[in-house]
Protein chains: 2
Amino acid sequence: MITSNYNTLPNFKKCNKCVNCNVRLIAFCGVIDHQDINKLESLSKDKNLKRQEHAFFQGDKVVNYYNIRKGSVKIYKLSKDGRKQIIGFLFPGDFMGMSHEESFSYSAEAIEDTVLCQFNKVGLENFFIKFPEIEDKILNLVNYELSLAQDQIFLLGKCSARERLLQFFLNMSKQRKKMGWVSNPIHLPMSRSDIANFLGLTIETISRSLSELKSDNTIKMVGTNDILLNIHEDLIS
Amino acid sequence: MITSNYNTLPNFKKCNKCVNCNVRLIAFCGVIDHQDINKLESLSKDKNLKRQEHAFFQGDKVVNYYNIRKGSVKIYKLSKDGRKQIIGFLFPGDFMGMSHEESFSYSAEAIEDTVLCQFNKVGLENFFIKFPEIEDKILNLVNYELSLAQDQIFLLGKCSARERLLQFFLNMSKQRKKMGWVSNPIHLPMSRSDIANFLGLTIETISRSLSELKSDNTIKMVGTNDILLNIHEDLIS
DNA sequence: CGAGCCATTGAATGCCATCAATTTTAGTGG
DNA sequence: CCACTAAAATTGATGGCATTCAATGGCTCG
């Protein structure tokens, strides 16, 4: 198999990994231009996660920040009595690991094989002094995460099962478009169980709502995890 | 009535308003020390809101940021079909008005008489250059808001009506303690209707859950809006 | 004191959860 | 490539919690 993927080249890391990184277009590191990106790159370390492996756990002390370069991650909270709630899915370009306090208030688990850029927290924060535009960008990204969380609050507080599922598909489509991927049809990297948990429903209800959306032709399925949205483009974007 | 409240003194604004501000202890402006605070103060303008008046509306262009100095604000989202969801309550010391895009994704309405410090967005952002610690603090505050939103997602996704209400009281108590106020009993500045909406429930369910909490002595009520929590201190803080 | 609003309580309905059974998919080894 | 197995998804039947609809009670303010 012939590949130009830098992951297969052991010494590529010293050879402008970031310069050729397509995720940089949307990630925080995109605010650094080509002549300075190598300085940031020297702070970064690759971290590979297989499916179900964690980047960190709720309660861990925050020592690193992460950029997702490839794959998908779910973040979730556990209560003392063992209840679990997925509070978000993260994709390439997303920044992960900030907290308002010393330790994480949620866990981060890969839902498929995933590659992260790992930055030492203090190291990156010291970098803010020379390149304040990084902090500006991260502030903007955190505000975006907040906005997504607020949308989710609306969804959980005011939407029916069917609406939640459809909105979830529309959000996924929007996310794909943001990454420059095909936004319809979309591939879902997460299980029914994860979707159900995220939407505050059960897998049975997801299955039923899915059948409903299929039967009235709102969506069409190819395989188990690929969904074609039969909806006006304005709603998709 | 004799009062030393600076709001009653017309020329106090030019006389170290911020220096004596008790909210500063928890607000972003607390990172600026006494000899520099007057520079920030010159950027600030008071804005008074009566109950039900708005600081801004969903869709408005973002031109100002706000610090809440006194009172309480609810922030809420409206969907196209008219459904409303309160996504948070804000209190003295809270920073308000940032957005990841040009315009607001939610509205902000005073639920009691409220005083805001209004900062021009661009003016304050230019201030970041001289005082980067302000941006650090604001980033921390936004991360805190995100964390609260994630807690709310858990609450809406996994908690029963009774649990939601009790958790709401505990959160209010925690908020009071953060402000240095009495954390038990607590006074609720918002209506049953607002509580119900925020918790993804109806007023009838709030009323029923409230009666339940009263009858098993988990809480005790003084008047309609003051609540005494009969719960171990560890859970309150 | 009466009007109007808000909160409370009761009864019936409905949506989603739960429990259970079946079907489909995915992963493994022959 | 197919058979086999385990896991995941779907479908059906039933039940429970919160909603909805309706009526009463209580507080505030003119």
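All values below were derived from every heavy atom in this structure, side-chain atoms included, with hydrogens, water molecules and symmetry-related copies excluded. Below, chains carry the letters A, B, ... as their sequence lines are ordered, and counting in each starts from 1. The shown structure was predicted, so the numbers you read here are calculated from the model rather than taken from an experiment.
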Of the nucleotides C:dT8, D:dT20, C:dT18, which one has an atom closest to the side chain of B:S207?
C:dT8

With no hydrogens and no angle check, is any side-chain donor or acceptor of B:N184 less than 3.5 Å from a backbone partner on B:L229?
yes

Would you please name every residue forming a ring pair (Phe, Tyr, Trp, His ring centres under 6.0 Å) with B:F154, sequence neighbours left out?
none

Residues at least two apart in sequence or cross-chain that pass ring pair (Phe, Tyr, Trp, His ring centres under 6.0 Å) with B:F169, listed by chain then number, are none

Short N/O separations, protein against nucleotides 4-7 of chain D, under 3.5 angstrom:
none

Once side chain to side chain donor-acceptor pair (under 3.5 Å) is applied, do any residues pair with A:R24, and if so which ones, sequence neighbours excluded?
A:H34

Any donor-acceptor pair under 3.5 Å linking the side-chain atoms of A:Q167 with those of A:N171?
yes

Whole angstrom is fine here: how far is it from CZ in B:R164 over to P in D:dA18?
8 Å

Under 3.5 Å, side chain of B:R164 to main-chain N/O of B:C159, donor-acceptor pair present?
yes

With B:V222 as reference, evaluate B:N225, B:T224, B:D226 under the side-chain contact (heavy atoms from CB on, under 4.5 Å) test and give the passing residue.
B:D226

Check the distance between D:dA18's P and A:L156's CG and give it to me in whole angstrom.
15 Å

Counting N and O atoms only, with roles assigned by atom type, does the side chain of A:Q152 sit under 3.5 Å from a partner on the main chain of A:F198, one being a donor and the other an acceptor?
yes

Using the ring centroid of each side chain, check whether B:F119 and B:F28 are separated by less than 6.0 Å.
yes

Heavy-atom donor-acceptor pair, B:S211 side chain to B:S207 backbone, under 3.5 Å:
yes

Would you find a donor on one side and an acceptor on the other, under 3.5 Å apart, between the side chain of B:N64 and the backbone of B:Q118?
no

Grab the CZ-P distance between B:R162 and D:dT19 for me, whole Å please.
16 Å

Report, as a single string ordered 5' to 3', how protein heavy atoms within less than 4.0 Å touch nucleotides 24-30 of chain D: B base, S sugar-phosphate only, - not at all.
-------

Using whole Å, report how far CD1 of B:I206 lies from P of C:dT8.
10 Å

Is there a side-chain contact between B:M96 and B:F56 (heavy atoms, below 4.5 Å)?
yes

Which nucleotide in the set D:dA18, C:dC16, D:dA9 lies at the smallest distance from any side-chain heavy atom of A:A161?
C:dC16

Residues within residues 192-201 of chain B bordering DNA chain C, heavy-atom distance below 4.0 Å:
B:R192

Quick note, side chain to side chain donor-acceptor pair (under 3.5 Å) partners involving residues 84-101 of chain B, not counting sequence neighbours, are A:K158-B:Q85

Calculate the interatomic distance between A:K158 atom NZ and C:dC15 atom C1'; express it in whole Å.
16 Å

Rounded to whole Å, the CG-P distance (A:D226 to C:dA26) equals 10 Å

With the criterion being N/O to N/O and under 3.5 Å, what pairs connect the protein with nucleotides 20-23 of chain C, and how long is each?
none

Rounded to whole angstroms, how far apart are CG on A:N225 and C1' on C:dT24?
13 Å

Side-chain (A:S183) to main-chain (A:K174) donor-acceptor, under 3.5 angstrom
no

Looking at A:N67 and A:C117, would you say the former's side chain and the latter's main chain have a donor-acceptor pair under 3.5 Å?
no

Which angle, to the nearest 10 degrees, lies between the helix axes at the two ends of the helix from C:dC1-D:dG30 to C:dG30-D:dC1, each defined by five pairs?
50°

In a table with atom names and distances, give each donor-acceptor pair under 3.5 Å that connects a side chain of residues 108-115 of chain A to protein atoms at least two apart or in another chain.
{"unit_1": "A:E112", "atom_1": "OE2", "unit_2": "A:S72", "atom_2": "N", "d": "3.4"}
{"unit_1": "A:E112", "atom_1": "OE2", "unit_2": "A:S72", "atom_2": "OG", "d": "2.5"}
{"unit_1": "A:D113", "atom_1": "OD1", "unit_2": "A:R51", "atom_2": "N", "d": "3.2"}
{"unit_1": "A:T114", "atom_1": "OG1", "unit_2": "A:S72", "atom_2": "N", "d": "3.2"}
{"unit_1": "A:T114", "atom_1": "OG1", "unit_2": "A:S72", "atom_2": "O", "d": "3.2"}
{"unit_1": "A:T114", "atom_1": "OG1", "unit_2": "A:E112", "atom_2": "O", "d": "2.7"}

Are any of A:T202's side-chain N or O atoms less than 4.0 Å away from OP1 or OP2 of C:dC16?
no

Any sub-3.5 Å donor-acceptor pair from B:Q58's side-chain atoms to B:L78's backbone N or O?
yes

For B:N217, give me all partners under side chain to side chain donor-acceptor pair (under 3.5 Å), at least two apart in sequence or on another chain.
none

Do side-chain atoms of A:K77 reach the backbone of A:S105 as a donor and acceptor pair under 3.5 angstrom?
yes

Proximity to DNA chain C (any heavy atom under 4.0 Å), residues of residues 208-221 of chain A only:
A:R208

